[in-house]
Amino acid sequence: VQLQAFGGGLVQVGGSLGLSCAASERTDNRYSMGWFRQAPGKEREFVAATNKDGGTTYYADSVKGRFTMSRDNAKNTVSLQMNNLKPEDTAVYYCAASNFVWSRSVLEYSYWGRGTLVTVSS
């Protein structure tokens with residue numbers, strides 16, 4: 001499966017931004033989907049994920065209550081709505097697909113889209 005993320009940009013502290021990720025094929029019940037991010041000089045880290053049918057969503061503690069991941073199986077897309085953004089949210093954001101039921105681990109995702117840069121300015 002090929003993935004492409006959209007929607008990055010520059011936003012002020014406290015603002016909101018939405019990211020989307022389009023898949024080249026059906027993903028429901030085939031792949032769990034995740035969002036990860038990588039800040040300059042840091043390792044790629046887990047942000048959010050849904051299981052294969054999209055029935056359950058998991059979040060990193062750092063974004064819980066501010067970010068919402070959703071999955072539209074009819075359109076083969078996943079989205080990440082980011083609210084109350086903070087400077088530490090600045091990173092390149094990646095969507096990814098996994099054959100596992102779901103995972104927080106970068107290593108368990110086999111398919112990655114190009115990242116999209118989110119910059120939160122103060």
Side-chain angles (χ1 to χ4, degrees):
V1 61
Q2 295 181 332
L3 305 169
Q4 188 168 7
F6 303 91
L10 175 65
V11 63
Q12 290 187 331
V13 169
S16 298
L17 199 62
L19 304 181
S20 295
C21 176
S24 61
E25 61 185 66
R26 281 187 61 185
T27 59
D28 56 305
N29 294 311
R30 295 182 182 180
Y31 305 102
S32 58
M33 302 296 294
W35 285 98
F36 290 79
R37 65 188 181 186
Q38 188 165 16
K42 295 188 176 181
E43 293 186 353
R44 195 168 297 187
E45 65 175 10
F46 169 77
V47 175
T50 68
N51 60 355
K52 289 189 177 184
D53 65 9
T56 307
T57 309
Y58 308 86
Y59 296 95
D61 288 343
S62 59
V63 307
K64 202 173 292 184
R66 300 187 298 121
F67 289 13
T68 302
M69 181 176 182
S70 59
R71 181 169 184 162
D72 187 336
N73 290 327
K75 296 181 179 179
N76 299 330
T77 60
V78 292
S79 300
L80 185 70
Q81 178 63 36
M82 304 182 293
N83 298 327
N84 190 21
L85 283 159
K86 304 176 181 181
E88 52 264 41
D89 295 318
T90 295
V92 177
Y93 283 71
Y94 298 88
C95 64
S98 171
N99 294 110
F100 287 80
V101 172
W102 83 277
S103 178
R104 295 176 180 265
S105 172
V106 169
L107 299 177
E108 292 179 347
Y109 284 79
S110 300
Y111 310 96
W112 292 85
R114 279 185 161 181
T116 184
L117 177 63
V118 172
T119 304
V120 184
S121 69
S122 55

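Computed over heavy atoms, backbone and side chain alike; hydrogens, waters and symmetry mates excluded.
- The CG atom of Leu107 sits 10.0 Å away from atom OG of Ser110, with the distance rounded to the nearest 0.5 Å.
- In this structure the side chain of Val120 never reaches within 4.5 angstrom of the side chain of Lys86, judged on heavy atoms.
- Summarising the geometry, atom OG1 belonging to Thr119 is positioned 10.5 Å from atom CG belonging to Leu85; distances are rounded to the nearest 0.5 Å.
- Residues Ala97 and Val1 share a closest heavy-atom pair of CB-CG1, 4.0 Å.
- Of all heavy-atom pairs spanning Gly8 and Thr116, the tightest one is N-OG1, 3.0 Å.
- The nearest pair of heavy atoms linking Leu80 to Val47 is CD2-CG1, 4.1 Å.
- For the pair Ala23 and Leu3, the tightest heavy-atom approach, listed with the atom from each and the gap, is CB-CD2, 3.7 Å.
- In this structure, Phe36 has its ring center under 6.0 Å from that of Tyr109.
- Residues Ser98 and Lys52 share a closest heavy-atom pair of O-CE, 4.5 Å.
- For the residue pair Ser79 and Trp35, the shortest heavy atom distance occurs at O-NE1, 3.5 Å.
- Ring-plane geometry between Phe67 and Tyr93 is classed as tilted, the angle between the planes lying from 30 to 60 degrees on a 0 to 90 degree scale.
- Below 30°, between 30° and 60°, or above 60°: for Tyr31 and Tyr111 the angle between ring planes is above 60°, a perpendicular geometry.
- Taken together through direct or relayed side-chain contacts under 4.5 Å among Ile, Leu, Val, Met, Phe, Trp and Tyr, Trp112 and Leu117 form part of one hydrophobic cluster.
- Side-chain atoms of Lys64 never come within 3.5 Å of backbone atoms of Tyr58 as a donor-acceptor pair (strictly under, hydrogens ignored).
- Rounded to the nearest 0.5 angstrom, Lys75 NZ and Thr27 OG1 are separated by 13.5 Å.
- Annotation for Arg30: atom CZ counts as buried by contact number, over 12 foreign heavy atoms lying within 6.0 Å.
- The hydrophobic cluster containing Val101 also contains Val106, counting ILVMFWY residues as joined when their side-chain heavy atoms lie under 4.5 angstrom apart, directly or transitively.
- In terms of hydrophobic clustering, with Ile, Leu, Val, Met, Phe, Trp and Tyr side chains grouped at heavy-atom distances under 4.5 Å, Val13 and Met82 are assigned to a common cluster.
- Counting only distance, with no hydrogens or angles, the side chain of Arg104 and the backbone of Phe46 share no donor-acceptor pair below 3.5 Å.
- Side chain of Asn51 to main chain of Thr56: a donor-acceptor pair is present (N/O by atom type, distance under 3.5 Å, no hydrogens or angles).
- Arg71 pairs in a side chain to side chain donor-acceptor pair (under 3.5 Å) with only one of the listed residues (Asp53, Asn76, Thr50), which is Thr50.
- Cluster annotation: Tyr59 is not connected to Phe100 through the hydrophobic network of ILVMFWY side chains, with a link wherever side-chain heavy atoms come within less than 4.5 Å.
- Side-chain contact between Val11 and Ser16 is absent, with no heavy atoms from C-beta onward closer than 4.5 Å.
- Among residues at least two apart or in separate chains, salt bridge (charged side-chain N to carboxylate O under 4.0 Å, His left out) pairs with a member in residues 33-48 are Arg37-Glu45, Arg37-Asp89.
- Among residue pairs with one or both ends in residues 19-122, those qualifying as disulfide (SG to SG under 2.5 Å) are Cys21-Cys95; sequence neighbours excluded.
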